[in-house]
Amino acid sequence: MTLTSPHLGSSEAWTDAKLLYALEEVVEKELNRHLKVTKDWMPHEYVPWSDGRNFPGFFEDGEAWDPQQSKVTDIGKIALVVNLLTEDNLPSYHHEIATLFGRNGAWGTWVHRWTAEEGRHGIVMRDYLLASRAVDPDKLEAFRMQHMSEGFESDNRHSMLHSVAYVAFQELATRISHRNTGHQSGDPVCDRMLARIAQDENLHMIFYRNLLGAAFEIAPDLTMQAVRDVVVNFRMPGHGMPGFERMAAQMAIGGVYNLRIHHDDVLSPVIRFLKIMDIDGLGPEGQQAQEELGLFMGGLDSEARKFDERLAARAARIAARKA
């Protein structure tokens, strides 16, 4: 596949402002497509309100939280907290993309629509956790205050192309994390709620993935470099929350999100759909970025294989002890 745009000049001619303008029609097209296929849903319909009861404090009949009150598995609780705290930083995410993409035209309409849709996710997850008493509400609020007080700054805020490339992968990563959390939660109500959230995340991924494909059409070398940088340095947006490394390790072992999932279910599908490794007609910097991307993906697959082997060995040891 050859993607070249000689009439647009060299890569050096592209600025963020020019790229935003060049992609405006694509954004409008993808926004219209998104609005046709997306379906509004009511967060309150997914919350088991009948399970709720007062907590201690202002209510004399308040019942203290106890770990035994929840049917959610231990790994489900950990992943739910990570996923919710990630969603909680929506004000920072909105500030980042509104500053980078703008608040006017199709870009601005998308920014506000995306923010409104994402807002539902934090609302329904928090209501579920409190109504079902899945986690300690005091610790959850303390985590929220600490995490949001730190704010969020994207690793890719310096470049709109890097930002588009990042969210194309990150939205899919979030979808996978929510979906796997539901599967591992042990609660059908939680699974159903997170499946609905995952539908939104998938549509968001499609929007950004298609936008990234259009960026390859007009600025292939710069886009290839952006994808290379994002994939090699990828971090989930919740990486700054307290205790993230420990919780991420537990989620990896629990099958919610790990190297194998990251390689097979997040990076590879986007790269394969856009045929990124098949693009030719690139300049020297684009070719180098493409080669480095391929080498990184090969190395990541090897690391994922080692992780799979360690995970299998751990499972065998646990089974032997039980036997």
Please examine the side chains of Glu30 and Val26, heavy atoms only from C-beta on, and report whether any two atoms are closer than 4.5 Å.
yes
hydrophobic_cluster_shared for Trp49 and Trp41, side chain cutoff 4.5 Å
yes
Return all side-chain donor-acceptor pairs below 3.5 angstrom for residues 315-323, not counting sequence neighbours, or 'none' if the list is empty.
none

Please tell me if the side chains of Lys306 and Arg310 come closer than 4.5 Å, counting only heavy atoms from C-beta onward.
yes
Using atom types as modelled, flag every donor-acceptor pair under 3.5 Å from a side chain in residues 293-303 to any protein atom, sequence neighbours excluded.
{"residue": "Asp301", "atom": "OD1", "partner": "Arg260", "partner atom": "NH1", "Å": "2.8"}
{"residue": "Asp301", "atom": "OD1", "partner": "Arg260", "partner atom": "NH2", "Å": "3.3"}
{"residue": "Asp301", "atom": "OD2", "partner": "Arg305", "partner atom": "NH2", "Å": "2.9"}
{"residue": "Ser302", "atom": "OG", "partner": "Gly298", "partner atom": "O", "Å": "3.3"}

Exercise: do His34 and Glu117 side chains pair donor with acceptor under 3.5 Å:
yes
Hey, could you give me the NZ/CG distance between Lys39 and Leu203, rounded to the nearest 0.5 Å?
10.5 Å
Atom pair NE2/CD1 of His95 and Ile97 - distance to nearest 0.5 Å:
11.5 Å
Any side-chain heavy atom of Trp14 within less than 4.5 Å of one from Ile218?
yes
Apply side chain to side chain donor-acceptor pair (under 3.5 Å) to the pair His94 and Glu118, showing each step before the final yes or no.
CA-CA 10 Å; His94 175 83; Glu118 288 286 343; over 6 Å; no
Which of parallel (below 30°), tilted (30 to 60°) and perpendicular (above 60°) describes Tyr208 and Trp110?
perpendicular
Cut-off 3.5 Å, no hydrogens considered: what does the side-chain donor-acceptor table look like for residues 58-66, sequence neighbours left out?
{"residue": "Asp61", "atom": "OD1", "partner": "Asn54", "partner atom": "ND2", "Å": "3.0"}
{"residue": "Asp61", "atom": "OD2", "partner": "Asn54", "partner atom": "ND2", "Å": "3.4"}
{"residue": "Glu63", "atom": "OE1", "partner": "Arg53", "partner atom": "NE", "Å": "2.8"}
{"residue": "Glu63", "atom": "OE2", "partner": "Gln69", "partner atom": "NE2", "Å": "3.1"}
{"residue": "Trp65", "atom": "NE1", "partner": "Arg133", "partner atom": "O", "Å": "3.0"}
{"residue": "Trp65", "atom": "NE1", "partner": "Val135", "partner atom": "O", "Å": "3.1"}
{"residue": "Asp66", "atom": "OD1", "partner": "Gln68", "partner atom": "N", "Å": "2.8"}

For Glu292, enumerate each residue passing the side chain to side chain contact (heavy atoms under 4.5 Å, CB included) test, keeping only those at least two apart in sequence or located in another chain.
Arg228, Gln288
Are side-chain heavy atoms of Met241 and Phe244 found at a separation under 4.5 Å?
yes
Between Lys29 and Glu25 (salt bridge meaning N to carboxylate O under 4.0 Å), is one present in this structure?
no
To the nearest 0.5 Å, what is the distance between CG on Leu31 and CG on Leu211?
11.5 Å
Using 0.5 Å steps for rounding, measure from the CG atom of Leu140 to the CG atom of Leu85.
6.5 Å
Does any non-hydrogen side-chain atom of Lys36 lie less than 4.5 Å from one of Arg33?
no
Euclidean distance, Leu130 CG relative to Glu141 CD, rounded to 0.5 Å:
9.0 Å
Say whether, by atom type as modelled, one donor and one acceptor occur between the side chain of Lys18 and the main chain of Ala13 under 3.5 angstrom.
yes
Could you walk me through whether Arg272 and Asp278 pass the salt bridge (charged side-chain N to carboxylate O under 4.0 Å, His left out) test, one step at a time?
CA-CA 9 Å; Arg272 186 169 53 247; Asp278 299 327; over 6 Å; no
side-chain contact (heavy atoms from CB on, under 4.5 Å) between His262 and Val266, worked out:
CA-CA 5 Å; His262 184 60; Val266 176; 4.3 Å; yes
To the closest 0.5 Å, what do you measure between CG (Asn202) and CD1 (Ile197)?
14.0 Å
Hey, are the side chains of Trp107 and Met160 touching, using non-hydrogen atoms and a 4.5 Å cut-off?
yes
Picking from Tyr166, Tyr257, Phe169, what satisfies ring pair (Phe, Tyr, Trp, His ring centres under 6.0 Å) with Phe234?
Tyr166
Asn180 (side chain) donor-acceptor with Val256 (main chain) under 3.5 angstrom
yes
Do Ile123 and Leu90 sit in one hydrophobic cluster, given that two such residues count as connected whenever their side-chain heavy atoms are within less than 4.5 Å of each other, even indirectly?
no
Could you walk me through whether Phe207 and Trp114 satisfy the ring pair (Phe, Tyr, Trp, His ring centres under 6.0 Å) test, starting with their C-alpha distance in whole Å, then the side-chain angles of each, then the deciding distance to 0.1 Å, before giving a yes or no?
CA-CA 10 Å; Phe207 177 94; Trp114 174 88; over 10 Å; no
Sorted by first residue and then second, give each side chain to side chain donor-acceptor pair (under 3.5 Å) pair with at least one member in residues 79-90; sequence neighbours left out.
Asn83-Ser177, Asn83-His178, Asn83-Thr181, Glu87-His178, Asp88-Arg126, Asn89-His147
Establish whether Met145 and Met125 are linked, either directly or via other cluster members, by ILVMFWY side-chain heavy-atom contacts under 4.5 Å.
no
A side-chain contact here means heavy atoms from C-beta on lying under 4.5 Å apart; do Met277 and Gln290 qualify?
yes
Any Ser70 side-chain heavy atom under 4.5 Å of Lys77 side chain
yes
Begin with the C-alpha distance, continue with both residues' side-chain angles, and end with the deciding distance and a verdict on ring pair (Phe, Tyr, Trp, His ring centres under 6.0 Å) for Tyr93 and Phe152.
CA-CA 7 Å; Tyr93 307 149; Phe152 172 82; 5.0 Å; yes
Would Glu245 and His239 count as having a side-chain donor-acceptor pair, cut-off 3.5 Å?
no
Path from Met148 to Leu129 over hydrophobic side-chain contacts below 4.5 Å
no
Could you list all the salt bridge (Lys or Arg N to Asp or Glu O under 4.0 Å) pairs where at least one residue sits in residues 188-207, not counting sequence neighbours?
Arg179-Asp191, Arg196-Asp200
If we count only N and O atoms by modelled type, under 3.5 Å, do the side chains of Glu96 and Ser92 hold a donor and an acceptor together?
no
